*Asks:* 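Okay, here's the structure, questions in a sec.
Just so we're on the same page: letters track the sequence lines, and every chain starts at 1. Just so we're clear, the structure is a prediction, and the values are computed from it rather than from any experiment.
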Amino acid sequence: MIKSKIFSDIKDSLDKLNLKFNENFAVEVPHNIEHGDFSTNVALLNAKKNKMKPRNMAEKLAEILNKKRNYKSVNIAGPGFINLRLANSIYHKALADIIKVKKKYGSSKYGKKKKVLLEFISANPTGPLNIVSARAGAYGDSLYRIMKFVGYKAFREFYINDAGNQVDILAESLELRYRELHGERFEDFPPEAYHGEYIKDLANNLNIIDGSKLFHISEKDRLERMKNYALEEIHKMQVASLKKFDVNFENWMSERKLRQEGILEEALSYLAEANCTYEKDDAIWFSSTDFGDEKDRVLIKTDGNPTYLVPDIAYHLTKYQRGFDIILDVLGPDHHAHVSKLRAAIQALGYDIKKLEVIYLQHINIIKHGKIVKMSKRAGKIVTMDNIVQEVGKDAARYFFLNRKPSAHLDFDLELAKKKSSENPVYYCQYAHARICSVLKKAKKAKLTLKDFDKKNLKKLNKDEEIFIIKKMLEFPSLLIACAEHREPHRLAGYIHDLAGVFHRYYAKYKIIDVTHKELSLSRLYLISAIKSVVAIALNLMGISAPEKM
RNA sequence: GCGCCAAUAGCUCAGCAGGAUAGAGCAACGGAUUUCUAAUCCGUAGGUCAGGGGUUCGAAUCCCUUUUGGCGUGCCA
């Protein structure tokens, strides 16, 4: 709001001076507070165009801007920056605007209702969700919340790989545990089978339901029963874990369903129609080299079964058919080779490749006793999402995962995360919220309520810290847009921490409630209630609770 | 070999499409409380932004290159 006003003031002034300029100049809040409230590099970027020195151009511009009423001062600094200081009244008005829109502060129409599909986690339904899924969950869900808040029509989707090899192995693993319950012994449990304890639990429960009657049906039917039972139960388990982590999905897409509905054949036939498939060595190939892949890929194996590429192409076909403008896949870093094949297929099908955007979340190392823990899903040695939520709590876990950018590797030190929760920065942020609630409560007891507050008194907010806090809050809307645009929710984590810090310092330095100065107290209460609101909105966008008391 | 990702304080990480003196947290050291909640605040110390080159008025940020680490490069998913 304020920024765009400054933009237009600068443009007006340039026009008045008949100076040429490119609109890509910046108006930003300088790191160093002594450089003013805002600064612009417009003269640095455009001096050449006007055959002037940057400082000369800046001086001419400053002269015009100084005549405008909104500016306390306009100075030239360094190589030709223009530093602007605004009148306090501008900030007071902005503060009132924040209070006015309440919970909607920071929301916008930036996304223009574009339809966005966010696919994330999409773990195999063969066991409990692990820490990798936890990171993906925290990331995907928060990005969803932010994108929705800034005006995108966003949807979350979980793709269930409930068909293919892995699932067959799952059924066989369950079969083995089931047979153990009926007296059989396996000296060497097959290494490729799933070893987790949950398989034993599943066998126990299945045995309670079906008893020994599964021995009286054909092996094929028995394995089918095993598969269906395991898939259903593990899905329930995963949904329960996600619920505890506050992650929901608008849609669950099942690979089996895609297969049953003939989408795989549909995708294959489109590829054939586009002349992108051929037969060789008893297999069907996709000529992906035509689309920049390094070699052609097999679609249908010699044994007649499709490779994993086919259902994935079919799945993405549905994403396009459903009319999304932006298709975001959140994947592990080991998928990038796969994605190049997928991109080739999408081009072959004639769809706009630019709509598909892949975000790679880098690996997580679990550190235990200073050593990296190797995880293996099949061997049952994993740190689960439930473990993390139980041990460090949902709020801390989500903050922890969101505090780093997606492209960065992440070391998760279990001992440290478990040790003392107060060491976690999330409490610093939440405490700011709780503290404000506590002050507001106290104010109420002292009969100070904002109902009979006259905004004219906002001029009493004249301390540097108070203006600084308002400035900080004014950054919030554009910060959210940046988070959405760059798909980087971690910036929000940093922002809340900053805002909380600004508040804590203010709190330590100034008394908010002072019954002998009623107007000043009310003004300050007004200010901190705005902080409270922004902190709450931001925490909520990260899926973290904003406690009233700690 | 080729491809993708990374390298910033002792540790874990930020650094907002190039801006002015590179910032937090933790760890270390020294202080602040008869409080509006100390889960807080103030201070000290800590850096060749992996090395080198280029573009620019200006580079941690963009380009090239070298080094180091992770991952990938299946008729597994």
*Asks:* Using the rule for Phe, Tyr, His and the six-membered ring of Trp, do A:H35 and B:A20 stack at under 5.5 Å and under 30°?
*Replies:*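 So A:H35 counts as stacking on the base.
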*Asks:* Is the count of non-hydrogen atoms from other residues, nucleotides or ligands lying under 6.0 Å from A:D464 atom CG greater than 12?
*Replies:*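 12 or below, so no.
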*Asks:* Report which part of the nucleic acid A:P54 touches: base, sugar-phosphate, or nothing (heavy-atom distance under 4.0 Å, all strands).
*Replies:*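 Result for A:P54 = nothing.
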*Asks:* With a 4.0 Å cut-off on heavy atoms, is A:D293 in touch with a base, just the backbone sugar-phosphate, or nothing at all?
*Replies:*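 Result for A:D293 = nothing.
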*Asks:* With distance as the sole criterion, do the side chain of A:D498 and the base of B:A14 form a donor-acceptor contact below 3.5 Å?
*Replies:*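 Counting by modelled atom types and ignoring angles, no donor-acceptor contact under 3.5 Å is found here.
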*Asks:* What is the pairing partner of B:A60, taking Watson-Crick or G-U wobble pairs with both distances under 3.5 Å in any strand?
*Replies:*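 WC or wobble partner does not exist here.
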*Asks:* To the side chain of A:R404, which of B:A14, B:A77, B:A17 is closest?
*Replies:*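 Comparing B:A14, B:A77, B:A17 against the side chain of A:R404, the answer is B:A14.
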*Asks:* Should B:A6 form a Watson-Crick or G-U wobble pair with both distances under 3.5 Å, which nucleotide is its partner?
*Replies:*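 In the structure as shown, B:A6 has B:U68 as its Watson-Crick or wobble partner.
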*Asks:* Mind checking the C1' distance from B:U68 to B:G52? Whole angstroms is fine.
*Replies:*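 Those two atoms are separated by 15 Å.
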*Asks:* Once you round it to whole Å, what is the distance between C1' of B:A39 and CZ of A:F503?
*Replies:*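 For the pair A:F503 CZ and B:A39 C1', the rounded distance is 13 Å.
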*Asks:* Give me the distance, rounded to whole Å, that separates B:U61 from B:A22 when you measure between the C1' atoms they each carry.
*Replies:*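 One C1' to the other, the span is 11 Å.
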*Asks:* Is A:H486 close enough to B:A17 that one of its side-chain N or O atoms is under 4.0 Å from OP1 or OP2 there?
*Replies:*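 The answer is yes; a side-chain N or O of A:H486 sits under 4.0 Å from OP1 or OP2.
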*Asks:* Indicate whether A:Y308 forms a stack on B:A77; treat it as stacked only if centroid distance is below 5.5 angstrom and interplanar angle below 30 degrees.
*Replies:*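 The base of B:A77 is not stacked with A:Y308 (the test needs centres under 5.5 Å and planes under 30°).
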*Asks:* Might you confirm whether atom NZ of A:K441 has over 12 heavy atoms from other residues, nucleotides or ligands at distances under 6.0 Å?
*Replies:*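 No, not enclosed.
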*Asks:* Verify salt bridge (Lys or Arg N to Asp or Glu O under 4.0 Å) between A:K471 and A:E475, making sure each step is shown before the conclusion.
*Replies:* CA-CA 7 Å; A:K471 273 156 68 174; A:E475 290 170 22; over 6 Å; no
*Asks:* Side chain of A:R435 only, please: which of B:A17, B:U40, B:C75 is the nearest?
*Replies:*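 My answer, after comparing the listed nucleotides, is B:U40.
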*Asks:* Taking the ring centre of each residue, are A:Y139 and A:F120 less than 6.0 Å apart?
*Replies:*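 No, the ring centres sit 6.0 Å or more apart.
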*Asks:* Select base, sugar-phosphate, or nothing to describe what A:S39 touches, counting heavy atoms under 4.0 Å on all strands.
*Replies:*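 It contacts base atoms.
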*Asks:* Among B:A77, B:C36, B:G19, which is the nearest nucleotide to the side chain of A:Q166?
*Replies:*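 Minimum distance to the A:Q166 side chain belongs to B:A77.
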*Asks:* Under 4.0 Å, counting only non-hydrogen atoms across every strand here, what does A:K442 touch: a base, just sugar-phosphate, or nothing?
*Replies:*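 The residue A:K442 makes sugar-phosphate contact but no base contact.
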*Asks:* Closest to the A:P30 side chain: B:C75, B:A20, B:C36?
*Replies:*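 Comparing B:C75, B:A20, B:C36 against the side chain of A:P30, the answer is B:A20.
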*Asks:* Between A:H433 (NE2) and B:C36 (C1'), how many Å, whole number?
*Replies:*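 Whole-Å distance recorded here is 16 Å.
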*Asks:* Rounded to whole angstrom units, what separation is found between the CZ atom of A:F401 and the P atom of B:C13?
*Replies:*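 The distance from CZ of A:F401 to P of B:C13 comes to 13 Å, rounded to the nearest Å.
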*Asks:* Could you please name the partner base of B:A17, counting Watson-Crick and G-U wobble pairs only when both distances are under 3.5 Å?
*Replies:*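 No nucleotide pairs with B:A17.
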*Asks:* Under 4.0 Å, counting only non-hydrogen atoms across every strand here, what does A:S438 touch: a base, just sugar-phosphate, or nothing?
*Replies:*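 The residue A:S438 makes base contact.
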*Asks:* Would you say A:H195's side chain and A:P190's backbone share a donor-acceptor pair under 3.5 angstrom?
*Replies:*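 It does hold such a pair.
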*Asks:* From C-beta outward on A:E488, which listed nucleotide comes closest to its side chain: B:U73, B:C41, B:G15?
*Replies:*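 Nearest nucleotide to the side chain: B:G15.
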*Asks:* So what does A:Y507 touch, heavy atoms closer than 4.0 Å: a base, only the sugar-phosphate, or nothing?
*Replies:*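 Base: the residue A:Y507, judged by heavy atoms under 4.0 Å, touches a nucleobase.
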*Asks:* Under 4.0 Å, heavy atoms only, any strand: does A:K295 hit a base, just the sugar-phosphate, or nothing?
*Replies:*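 If one applies the 4.0 Å heavy-atom cut-off, A:K295 turns out to touch the sugar-phosphate alone, with no base involved.
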*Asks:* Hey, is B:C11 sitting syn or anti, using the within-90° cutoff around 0?
*Replies:*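 It is anti.
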*Asks:* Tell me: CD of A:E294 to C1' of B:U73, nearest whole Å?
*Replies:*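 After rounding, the gap between these two atoms is 6 Å.
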*Asks:* Side-chain N or O of A:R491 less than 4.0 angstrom from OP1 or OP2 on B:C13?
*Replies:*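 No, because none of the side-chain N or O atoms of A:R491 sits under 4.0 Å from OP1 or OP2 of B:C13.
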*Asks:* Please compare A:D282 and A:T40 by the position of their nearest nucleotide in RNA chain B and report the one closer to 5'.
*Replies:*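 Upstream on the strand: A:T40.
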*Asks:* Distance check needed: B:G58 C1' versus A:L45 CG, whole Å only.
*Replies:*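 Taking CG of A:L45 and C1' of B:G58, I get 11 Å after rounding.
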*Asks:* May I ask you to decide if A:K257's main-chain N or O and A:S254's side chain share a donor-acceptor pair within less than 3.5 Å?
*Replies:*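 Flag set: sc A:S254 to bb A:K257 pair under 3.5 Å.
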*Asks:* Determine the Euclidean distance between corresponding C1' atoms of B:G25 and B:U34; express it in Å to zero decimal places.
*Replies:*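 The answer is 32 Å between these two C1' atoms.
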*Asks:* Which value, in whole Å, describes the distance between the C1' atoms of nucleotides B:U67 and B:G51?
*Replies:*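 Looking at atom C1' only, B:U67 and B:G51 are 7 Å apart.
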*Asks:* Among side-chain atoms of A:D296 and A:Y278, is any donor-acceptor pair under 3.5 angstrom?
*Replies:*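 A donor-acceptor contact under 3.5 Å links the two side chains.
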*Asks:* Specify the separation, in whole Å, of atom NE2 of A:H363 and atom P of B:U12.
*Replies:*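 These atoms are roughly 18 Å apart.
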*Asks:* What does A:A77 touch in the nucleic acid at a heavy-atom separation under 4.0 angstrom: a base, only the sugar-phosphate, or nothing?
*Replies:*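 Base contact.
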*Asks:* Take atom C1' in B:A9 and the same atom in B:U48, then report the distance between them in whole Å.
*Replies:*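 Rounded to whole Å, the distance is 13 Å.
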*Asks:* State the pairing partner of B:U33; accept Watson-Crick or G-U wobble contacts with both distances under 3.5 Å, and report none otherwise.
*Replies:*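 With both distances under 3.5 Å required, B:U33 matches none.
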*Asks:* Separation of A:N41 atom CG from B:G58 atom P, in whole Å?
*Replies:*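 Interatomic distance, CG of A:N41 to P of B:G58: 15 Å.
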*Asks:* I'd like the C1' distance from B:A20 over to B:C71, given in whole Å.
*Replies:*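 39 Å, rounded to whole Å.
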*Asks:* According to a strict under-4.0 Å criterion, is A:H490 in side-chain N/O contact with OP1 or OP2 of B:G15?
*Replies:*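 Yes, A:H490 has a side-chain N/O under 4.0 Å of OP1/OP2 on B:G15.
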*Asks:* Between B:A7 and B:C11, how many Å separate the two C1' atoms, rounded to a whole number?
*Replies:*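 After rounding to an integer number of Å, I get 15 Å for this pair.
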*Asks:* Please state how far atom CZ in A:R297 lies from atom C1' in B:C76, giving the value in whole angstrom units.
*Replies:*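 My rounded result for the distance is 14 Å.
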*Asks:* Does A:N83 use its side chain to pair, donor to acceptor, with the backbone of A:S39 at less than 3.5 Å?
*Replies:*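 Absent.
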*Asks:* Looking at B:A77, does its base get a donor-acceptor pair with the side chain of A:T307 below 3.5 Å?
*Replies:*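 No such pair is found, so the answer is no.
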*Asks:* Write down the distance separating the C1' atoms in B:G15 and B:G53, rounded off to the nearest Å.
*Replies:*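 Per the computed distance, 25 Å lies between those C1' atoms.
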*Asks:* Looking only at side-chain N and O atoms, does A:E485 offer a donor or acceptor that is under 3.5 Å from a partner on A:Y110?
*Replies:*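 Short answer, yes.
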*Asks:* Are any of the side-chain nitrogens in A:K319 or A:E157 under 4.0 Å away from the carboxylate oxygens of its partner?
*Replies:*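 No salt bridge links A:K319 with A:E157.
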*Asks:* Counting the atoms with a prime plus P, OP1 and OP2 as sugar-phosphate, which does A:A337 contact under 4.0 Å by heavy atoms, base, sugar-phosphate, or nothing?
*Replies:*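 Sugar-phosphate only.
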*Asks:* Under 4.0 Å, counting only non-hydrogen atoms across every strand here, what does A:K48 touch: a base, just sugar-phosphate, or nothing?
*Replies:*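 Since only primed, P, OP1 and OP2 atoms lie under 4.0 Å of A:K48, the category is sugar-phosphate.
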*Asks:* Which nucleotide sits closest to the side chain of A:N83: B:C36, B:A20, B:U40?
*Replies:*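 The answer is B:A20.
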*Asks:* Check every atom of B:U40, B:A14, B:C76 against the side chain of A:N165 and return the nucleotide holding the closest atom.
*Replies:*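 Per side-chain heavy atoms of A:N165, the pick is B:C76.
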*Asks:* By nearest atom, which of the nucleotides B:A77, B:G19, B:G72 is closest to the A:N124 side chain?
*Replies:*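 Between B:A77, B:G19, B:G72, the one nearest the side chain of A:N124 would be B:A77.
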*Asks:* Both distances under 3.5 Å, Watson-Crick or G-U wobble: report the partner of B:C11, or none.
*Replies:*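 WC or wobble partner is B:G25.
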*Asks:* Syn versus anti for B:A17, judged by chi lying within 90° of 0?
*Replies:*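 Syn conformation here, the glycosidic angle of B:A17 being no more than 90° from 0.
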*Asks:* Is a donor-acceptor pair below 3.5 Å formed from side chain A:H336 to base B:G3, judging by atom type as modelled?
*Replies:*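 Under the 3.5 Å cut-off, the side chain and the base do form a donor-acceptor pair.
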*Asks:* Answer with base, sugar-phosphate or nothing: what part of the nucleic acid does A:K405 contact at a heavy-atom distance below 4.0 Å?
*Replies:*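 Contact class for A:K405: sugar-phosphate only.
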*Asks:* Using heavy atoms to find the nearest nucleotide of RNA chain B for A:A408 and A:K301 separately, return the residue whose nucleotide is more 5′.
*Replies:*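 The residue mapped nearer the 5' terminus is A:A408.
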*Asks:* Evaluate whether the aromatic ring of A:F81 and the six-membered ring of the B:G19 base sit under 5.5 Å apart, centre to centre, with an inclination under 30°.
*Replies:*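 One would not call A:F81 stacked on the B:G19 base.
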